[in-house]
Amino acid sequence: MVTETPKGTGREKAKGKAGKEKRGFELKVPKGTKDWEGKDMVIRDKIFSTITDVFKRHGAVTIDTPVFELREVLTGKYGEDSKLIYDLADQGGEICSLRYDLTVPFARWLAMNPSIQSIKRYHIAKVYRRDQPAMTKGRMREFYQCDFDIAGTYDPMLPDAEILRITTEILDSLNLGSYTIKINHRKILDGLFQICGVPMDKIRSISSAVDKLDKATWEDVRKEMTEEKGLDAEVADKIGEYVQKKGGKELLDGLLADETLTSNESFVSGLKDMGLLFDYLEVLCVTPKLSFDLSLARGLDYYTGIIYEVVTEASAPPAGKSAKERRVPGSDDPDADRSNDDSIGIGSIAAGGRYDELVGMFAKSAKGRVPCVGISFGVDRIFSITKARMTGEVRGNEVEVYVMAFGGKGFTGLLKERMGVCRILWDAGIKAEFMYKNKPKLPQQFSGAEKNGVPFAVVLGEDELKEGKVKIKEMGLPEGHPEKNGVDVSMDDLVVQIRKRLAQKEKRAGAVGIEGNFRG
């Protein structure tokens, strides 16, 4: 007699338990990271190529550095943000950390190569920060930065002006809409704090607090300075009279007329640099995008001169919200994703400044102390804005021609003929593909072309091939168009005709900016 084992007991229970033990964890990516695929990759790659084209236009060369550095290289460079550095476990005597940015590794590289006294360098790579993520707003723990830096000794503010010109060229090419380049000078800010009575040992921490004025009210910032950082309330109020000012050349002129401010040597030195920079930027047609903003501080310790960051309408959270309101609904988890928190904006999409002493911190001799100025573009934040602004469909690939075949009874599929036409197009540098079937149906082939928005089809027929002809069909033409059903061309003329039609289609599209390129 056979007795049936009750369901869910005995062997089945043991099997289920073993399965759970075998898995041991939830299969997912770490917090603050994501997998990239499909059309998102198309958008991101186009952003990379647009930025790289501008970098090369200005004479830059690229370098690459390790994704992790000795911890001593990174420590002491980022102020209060040092707590966001990812430290690695000791793997055999060297204590390392994942890079926080691309600037400090560049400075370390310059110090290790003292024969290089001047360079225009760009670097596109991932960096890592243990920040609270907001994934849909481009705030991630693993993200790409695109850096451009000019190292070397030059006449004042000339490299700085070119950096800001590069910034406008890139942002205009990306078609991100309106943006503002906020600029300030560390010497102006340090001089202002000295005039107001900030102790020297508190200047960096007070700078960090002031830098939050783009996302917090003055009341919140004042409270941080007085209650958390121990600044005298009267000193804080003096700071408040100045750091909320912003404008253009007229603000610079107004500060120069203030005798209290011009009594400070650091402040005057910063104003002199800013005046020269404004003159150069007017020649380069950058001034319409500028905002001289006395609240801009940039929290990183290594900046010594001009500082700047780029903001868009999406950068700041909704106005008028205090720090108390800036919480994730229903969550106190510091690692929680804050994508749905309305009080969080995308933040700045590019930032940088002058850092004349950073290389010298690593150098063994005076020769290795190379002054630098640069900017870093946050690709993931730019991606978030670009994707939100897009109105058209993004193509999944860049194929320009889909080679297909049709025939009646006894149709062979013309597989080798399709492969041969693709070979001719590939040899000519034309992007093409065909269906991996011996005898594909015509509707399936058209569906394959339409799926990825391929602009042209080359259709092969047995009778036409005998005459040395193929049909070129532009996809998506309206009914009644004279070429709706395609145009017969000779095989010998195929490449010329395809190139001609691709050029005509691109011209007709008249696409402006990056979005047009996505749709081909």
Side-chain angles (χ1 to χ4, degrees), residues 30-33 62-119 121-132 140-153 186 190 200-208 211 229 297-305 307 334-335 351-376 378:
K31 289 180 180 179
T33 66
T62 190
I63 69 166
D64 195 14
T65 61
V67 74
F68 52 90
E69 297 274 351
L70 295 176
R71 191 173 301 170
E72 290 89 343
V73 170
L74 303 182
T75 53
K77 314 297 189 305
Y78 303 109
E80 294 183 356
D81 285 347
S82 292
K83 63 182 181 292
L84 304 179
I85 294 175
Y86 272 103
D87 292 328
L88 301 178
D90 185 350
Q91 296 292 328
E94 290 189 333
I95 308 300
C96 300
S97 300
L98 294 178
R99 61 188 174 203
Y100 176 92
D101 65 6
L102 302 177
T103 305
V104 171
F106 174 54
R108 188 265 307 152
W109 177 82
L110 281 172
M112 290 178 63
N113 295 274
S115 62
I116 300 174
Q117 290 295 295
S118 63
I119 186 175
R121 151 274 194 193
Y122 76 90
H123 190 185
I124 298 177
K126 288 182 177 180
V127 298
Y128 300 85
R129 299 180 187 179
R130 201 185 183 285
D131 206 351
Q132 188 164 15
M140 304 169 72
R141 291 179 168 178
E142 178 192 62
F143 56 95
Y144 269 99
Q145 284 189 335
C146 298
D147 280 25
F148 183 101
D149 294 80
I150 300 175
T153 302
R186 267 288 170 84
D190 289 353
M200 291 299 293
D201 62 344
K202 289 184 181 294
I203 284 181
R204 288 281 77 85
S205 64
I206 297 304
S207 291
S208 180
D211 198 45
K229 297 182 175 175
R298 304 288 300 141
L300 306 182
D301 284 353
Y302 51 67
Y303 289 122
T304 57
I307 50 177
D335 295 324
R354 175 162 285 280
Y355 51 102
D356 286 347
E357 298 171 7
L358 183 57
V359 180
M361 294 174 69
F362 301 118
K364 295 181 179 179
S365 66
K367 184 181 178 183
R369 295 171 184 172
V370 184
C372 303
V373 63
I375 191 164
S376 178

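The side-chain heavy atoms of Trp109 and Arg121, taken from C-beta on, include no pair separated by under 4.5 Å. Looking at Asp211 and Ser208, their side chains never come closer than 4.5 Å, going by heavy atoms from C-beta outward. Using a 4.5 Å cut-off on side-chain heavy atoms (C-beta onward), Leu358 and Arg108 make no contact. Looking at Phe106 and Tyr355, their side chains come closer than 4.5 Å, going by heavy atoms from C-beta outward.
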- Residues Glu357, Arg369; criterion salt bridge (Lys or Arg N to Asp or Glu O under 4.0 Å); working and verdict: CA-CA 7 Å; Glu357 298 171 7; Arg369 295 171 184 172; over 6 Å; no
Decide side chain to side chain contact (heavy atoms under 4.5 Å, CB included) for Ile375 and Asp149; before the verdict, give the C-alpha distance in whole Å, the side-chain angles of both, and the deciding distance to 0.1 Å.
-> CA-CA 6 Å; Ile375 191 164; Asp149 294 80; over 6 Å; no
Take Val127 and Leu102 through the test side chain to side chain contact (heavy atoms under 4.5 Å, CB included) and record every step on the way to the result.
-> CA-CA 7 Å; Val127 298; Leu102 302 177; 3.7 Å; yes
Side chain to side chain contact (heavy atoms under 4.5 Å, CB included) between Val359 and Cys372, worked out: CA-CA 8 Å; Val359 180; Cys372 303; 3.9 Å; yes
Could you go through Asp131 and Phe143, starting from their C-alpha distance and side-chain angles, then the distance that decides it, and tell me whether this counts as side chain to side chain contact (heavy atoms under 4.5 Å, CB included)? CA-CA 11 Å; Asp131 206 351; Phe143 56 95; over 6 Å; no
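Without hydrogens or angle criteria, Arg71 side chain to Leu88 main chain gives a donor-acceptor distance under 3.5 Å. A distance-only check finds a donor-acceptor pair linking the side chain of Lys77 to the backbone of Thr75 [under 3.5 Å]. Looking at Asp356, its side chain never comes within 3.5 Å of a backbone N or O of Pro371 through a donor-acceptor pair. At distances below 3.5 Å, not a single donor-acceptor pair connects side-chain atoms of Lys229 with backbone N or O atoms of Ile206. A donor-acceptor pair under 3.5 Å is formed between the side chain of Arg99 and the backbone N or O of Pro66. Checked by atom type and distance alone, the side chain of Asp90 never pairs as donor or acceptor with a backbone atom of Ile95 at under 3.5 Å.
Scanning all heavy atoms of the two residues, the minimum distance from Ala111 to Ala363 falls at CB-N, 3.9 Å. Heavy-atom minimum distance, Ile85 versus Leu98: CG2-O, 4.1 Å. Nearest approach of Gln145 to Ser376, heavy atoms of both residues: CD-OG, 3.2 Å. Pairing each heavy atom of Tyr303 with each of Gly353, the nearest pair is CE2-N, 3.4 Å. Here the closest heavy-atom approach between residue Pro105 and residue Glu69 is recorded as CB-OE2, 3.3 Å.
With His123 as the partner, the side chain to side chain donor-acceptor pair (under 3.5 Å) test is satisfied by one option alone out of Thr103, Asp147, Asp64, Thr62: Asp64.
Side-chain contact annotation: Tyr302 with Asp101, donor-acceptor N/O pair under 3.5 Å present.
Remark: Ser97 OG to Leu70 CG distance equals 9.0 Å, nearest 0.5 Å. One distance of note links NZ of Lys202 with CZ of Arg204; it measures 14.0 Å at 0.5 Å rounding. With rounding to the nearest 0.5 angstrom, the CZ atom of Arg186 is 5.5 Å from the CD1 atom of Ile307. A distance of 10.5 Å separates OH of Tyr78 from CG of Asp301, quoted to the nearest 0.5 Å. Interatomic distance, Ser115 OG to Asn113 CG, rounded to the nearest 0.5 Å: 6.0 Å. In this structure, the separation between CD1 on Ile124 and SG on Cys146 is 4.0 Å, given to the nearest 0.5 Å.
Both tests hold for Arg129 against Tyr100: distance to the six-membered ring centre under 6.0 Å, angle to the ring axis within 45°.
For Lys126, the salt bridge (charged side-chain N to carboxylate O under 4.0 Å, His left out) test picks out Glu142, with sequence neighbours left out.
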